[in-house]
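Worksheet: one structure, shown below.
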Amino acid sequence: MATALERYDPQIYELIRQEKARQSACVRLIPSENYVSRAVMEANGSCLTNKYSEGYPGKRYYEGQQVTDLVETIARERAKKIFKADHANVQPYSGSVANIAAYMALINPGDTIMGLSLPHGGHLTHGWKVSVTSKVFNSVRYTVDPNTGRLDYNQIEDLAKKYKPRIIISGATAYPREIDFEAFGQIAKKVGAYHVSDIAHIAGLVVAGMHKNPVPYTDIVSTTTHKTLRGPRGGMLLCKAEHADKVDKSVFPGMQGGPHMNTIAAIAVALAEADTPEFIAYARQIVKNAKALAEKLLEYGFNLSSGGTDNHLILIDLRNKNVPGKKLAKALDRAKIETNYNTTPMAPDHPANPSGLRLGTPSVTTRGMKEDQMHLIAGFINKVVENIDNEAVIEDVSKEVLLLSSQFPVPEHFIIPNRDNQDVPQPMDTLTPWLF
Ligand SMILES: *Cc1c(COP(=O)(O)O)cnc(C)c1O
């Protein structure tokens with residue numbers, strides 16, 4: 001039977017169908033992407049999208065919040081539990097907005113922020129030139145050591161002493177090594193700065209204990225919910241009790257209007273999924289897979305930023321292979337391997353035509369791939385690099401990729417086993433009649 005979407009809007013229906021097929025056929029190595037579970041998808045596509053809930057549980061500006069108050073409270077409690085935080089705000093529409101709300105909670109326009117430079121792995125919203133964060137705030141940037149590909153905490157401390165930022169931002173969008181959040185916290189203390197940590201990429205690894213949790217060493221932790229955490233597209237702020245009120249006011253009414261309650265419900269589901277032994281095993285496998293992929297790429301003579309990885313992400317410096325990043329990313333896309341071209345700390349100067357490629361293992365790990373498949377994928381990448389101008393070979397690789405993908409179906413019906421000890425809300429008298 002045709003779905004409502006198929007009947008009413010066959011164009012969009014067909015495009016979604018094609019995207020689903022594409023996500024199923026491709027080996028997706030973009031480190032910020034994932035596949036959510038069926039349960040998350042259902043919550044995200046629910047009637048909660050119909051509801052306006054400006055404010056917070058118990059303090060709303062619209063009536064009819066019997067259900068939404070409970071949903072948001074559950075999401076907040078789950079976030080607090082798994083990140084061991086005093087307070088959680090689950091309303092930010094996405095990571096970028098969460099970051100700006102975090103800064104505005106602590107400092108004023110014109111104050112100085114200090115974050116990792118974008119070509120060295122920082123995010124736009126860490127004060128990069130084209131971002132509003134460098135226009136509203138005075139932005140100074142630290143870099144990674146181009147020789148080691150690693151953060152140099154002495155250099156960061158020296159810069160902090162020189163520029164006296166009011167906020168130091170730790171966290172990255174393209175950094176393959178563990179970040180020493182404690183060291184950042186100490187530097188911030190020394191110069192009287194706040195410490196905001198952005199764990200958008202690694203939130204799932206943090207929950208699973210595969211990366212140190214920054215919460216004890218920071219004023220505010222900002223994250224997305226859709227990367228390694230494997231939830232819907234959204235953002236979240238975690239903080240100590242002393243900042244709770246400021247953070248909430250900064251998100252609403254400071255930055256946003258009504259929260260997206262369907263997203264918040266889906267975040268709640270993803271947080272429950274993340275609080276399971278299965279998720280910890282998943283996060284472990286993400287790192288094992290990244291290491292396996294990195295080792296094989298090294299064997300094929302690829303140069304990796306920092307020489308390898310501690311997390312879910314790999315940054316290849318392609319200069320010794322004489323293939324530009326963009327050209328390779330496009331050839332790999334034709335071979336059904338999705339990646340993105342990126343600058344590397346060794347050659348940060350050409351963001352328009354970068355010499356790097358960024359890879360990550362969260363999506364392929366969700367599909368159940370393990371080390372053996374990573375070795376195959378490294379071989380595919382090498383074959384495309386060595387035959388970059390040979391379309392017939394690239395076509396052959398795409399067939400091998402399809403064969404691999406077909407053995408690891410997208411978890412359409414990805415269901416985490418039933419959870420015990422749940423307090424399922426009792427039906428509310430006023431609402432019950434509508435349910436039948
Ligand atoms: C992805 C990312 C963001 C932004 O998230 P959006 O949801 O795309 O706005 C912020 N910070 C870091 C470090 C990221 O990797």
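Values in this document were obtained by computation on a predicted structure and should not be read as measured data. Both ligands and their constituent atoms are indexed starting at 1 by order of listing.
Checking S32, A172, A174, S94 against atom 6 (P) of ligand 1, the nearest heavy atom belongs to S94.
Counting heavy atoms from C-beta on, the side chains of N289 and L293 never come closer than 4.5 Å.
Atom 1 (C) of ligand 1 has as its closest protein heavy atom K227 NZ, 1.4 Å. Among all protein heavy atoms, the one lying closest to atom 5 (O) of ligand 1 is T224 CG2, 3.3 Å. The protein atom (non-hydrogen) at minimum distance from atom 12 (C) of ligand 1 is D198 OD2, 3.2 Å. The single protein non-hydrogen atom nearest to atom 9 (O) of ligand 1 is S96 OG, 2.7 Å, given as residue, atom name and distance. Here the heavy atom of the protein found nearest to atom 3 (C) of ligand 1 is H123 NE2, 3.2 Å.
Within ligand 1, counting atoms from 1 as listed, the ones closer than 4.0 Å to a heavy atom of A200 are 2 (C), 11 (N), 12 (C), 13 (C), 14 (C), 15 (O). If you number the atoms of ligand 1 from 1 as listed, the ones under 4.0 Å from a heavy atom of H226 come out as 7 (O). Numbered from 1 in the order shown, with element, the atoms of ligand 1 that lie under 4.0 Å from a heavy atom of H201 read 15 (O).
The existence of a salt bridge linking E371 and K291 is excluded, since no basic side-chain nitrogen approaches an acidic carboxylate oxygen closer than 4.0 Å. In summary, D145 and R150 do not engage in a salt bridge, as defined by a charged side-chain N under 4.0 Å from a carboxylate O. Using a cutoff of 4.0 Å between basic side-chain nitrogens and carboxylate oxygens, E157 and K190 are scored as salt-bridged. Residues K162 and D158 are not paired through a salt bridge, judged by the lack of any N-O separation under 4.0 Å between the basic side chain and the carboxylate.
Taking the six-membered ring where tryptophan is involved, the planes of F137 and Y103 are perpendicular, since the angle between them exceeds 60° and thus also 30°. Taking the six-membered ring where tryptophan is involved, the planes of H211 and F181 are tilted, since the angle between them lies from 30° to 60°.
Backbone and side-chain nitrogen or oxygen atoms of T173 are examined, and one is located within less than 3.5 angstrom of a nitrogen or oxygen of ligand 1.
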